[in-house]
Amino acid sequence: MRRLQKVWCSLRALPLWVQIWVGLILVPVNALPFFFLDTPTGRWAAWAAVFVVATNIPIMLIAGGMSRLMAVPHLLAWGPLVMALLLRLNNPNPGGEPFATPELTLLWTLLLVNSVSLAFDALDTWRWCRGERDIPG
């Protein structure tokens with residue numbers, strides 16, 4: 001229980017804008033694909049989200065909080081996902097059927113949010129590689 005408390009305190013020690021970004025934008029948007037598993041966009045994004053959660057939880061628990069190392073799995077998941085979504089936009093369906101509006105909305109939302117996340121994650125990965133390994137809180 002103590003480790004979870006440290007992780008929570010570390011999250012709360014982050015700047016407010018980061019807490020809002022993670023808690024109200026990044027996590028909810030990347031949870032949406034689980035409601036769209038009947039679409040390619042939903043399946044691909046759900047797998048990416050599962051990978052991020054499965055890799056970030058151990059990093060948080062071992063580090064005792066919000067480590068910049070958590071950005072690396074984001075790069076590994078969101079980078080290929082963004083590329084796959086861009087390709088899907090270019091060729092939505094082999095049969096030429098148009099996108100259903102909900103999937104297209106999800107796709108654009110994921111592209112926007114995860115592209116912004118990739119910028120933050122690239123910076124955090126670079127900073128972690130340069131030795132910035134402090135844990136907030």
Side-chain angles (χ1 to χ4, degrees):
M1 186 59 143
R2 177 82 176 121
R3 282 196 192 268
L4 291 178
Q5 187 177 16
K6 284 178 70 174
V7 169
W8 177 253
C9 289
S10 181
L11 174 65
R12 297 297 293 157
L14 293 171
L16 182 59
W17 74 268
V18 176
Q19 293 178 55
I20 291 169
W21 167 254
V22 171
L24 297 179
I25 300 170
L26 186 64
V27 170
V29 165
N30 284 288
L32 282 175
F34 292 95
F35 296 101
F36 293 86
L37 294 176
D38 60 325
T39 68
T41 299
R43 286 189 296 277
W44 300 340
W47 276 113
V50 167
F51 172 79
V52 167
V53 170
T55 54
N56 274 331
I57 287 175
I59 292 170
M60 281 189 293
L61 292 175
I62 291 166
M66 301 289 126
S67 169
R68 284 187 178 89
L69 181 58
M70 293 169 60
V72 173
H74 289 165
L75 293 175
L76 296 174
W78 302 158
L81 177 64
V82 164
M83 295 306 296
L85 296 177
L86 288 170
L87 290 171
R88 178 136 173 80
L89 268 178
N90 190 42
N91 184 19
N93 293 309
E97 296 178 31
F99 274 108
T101 302
E103 182 184 6
L104 188 57
T105 302
L106 174 67
L107 190 150
W108 278 109
T109 304
L110 287 165
L111 274 175
L112 174 68
V113 169
N114 288 332
S115 293
V116 170
S117 180
L118 281 170
F120 292 139
D121 295 328
L123 178 60
D124 274 346
T125 298
W126 180 77
R127 291 175 69 183
W128 187 86
C129 288
R130 298 212 11 124
E132 292 185 45
R133 311 244 168 115
D134 53 309
I135 306 294

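Because only heavy atoms are used, hydrogens play no part in the values below, and waters and symmetry mates are left out as well, while side chains stay in.
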Minimum heavy-atom distance Gly65-Ile135, with the two atoms named: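 The answer is CA-CG2, 3.6 Å.
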
Closer than 3.5 angstrom, by distance alone: can the side chain of [X] be matched with the main-chain N or O of [Y] as a donor-acceptor pair?
| X | Y | answer |
| --- | --- | --- |
| Thr105 | Thr101 | yes |
| Ser10 | Met66 | yes |
| Arg3 | Gly64 | no |
| Glu103 | Thr41 | yes |
| Thr55 | Val52 | yes |
| Arg127 | Glu132 | no |

Crowding at CZ, Phe35 (>12 non-hydrogen neighbours, <6.0 Å):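 Not buried by this count: 12 neighbours or fewer within 6.0 Å.
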
Do the side chains of [Y] and [X] get nearer than 4.5 Å, heavy atoms only?
| X | Y | value |
| --- | --- | --- |
| Leu4 | Leu61 | yes |
| Trp108 | Leu112 | no |
| Val18 | Phe120 | no |
| Val50 | Phe34 | yes |
| Trp44 | Pro80 | no |
| Val53 | Ile57 | yes |

Which residues share a side chain to side chain donor-acceptor pair (under 3.5 Å) with Arg43, sequence neighbours left out: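 Arg43: no side chain to side chain donor-acceptor pair (under 3.5 Å) contacts found.
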
With sequence neighbours excluded, residues passing salt bridge (Lys or Arg N to Asp or Glu O under 4.0 Å) with Asp121: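 With sequence neighbours excluded, Asp121 shows a salt bridge (Lys or Arg N to Asp or Glu O under 4.0 Å) to no residue whatsoever.
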
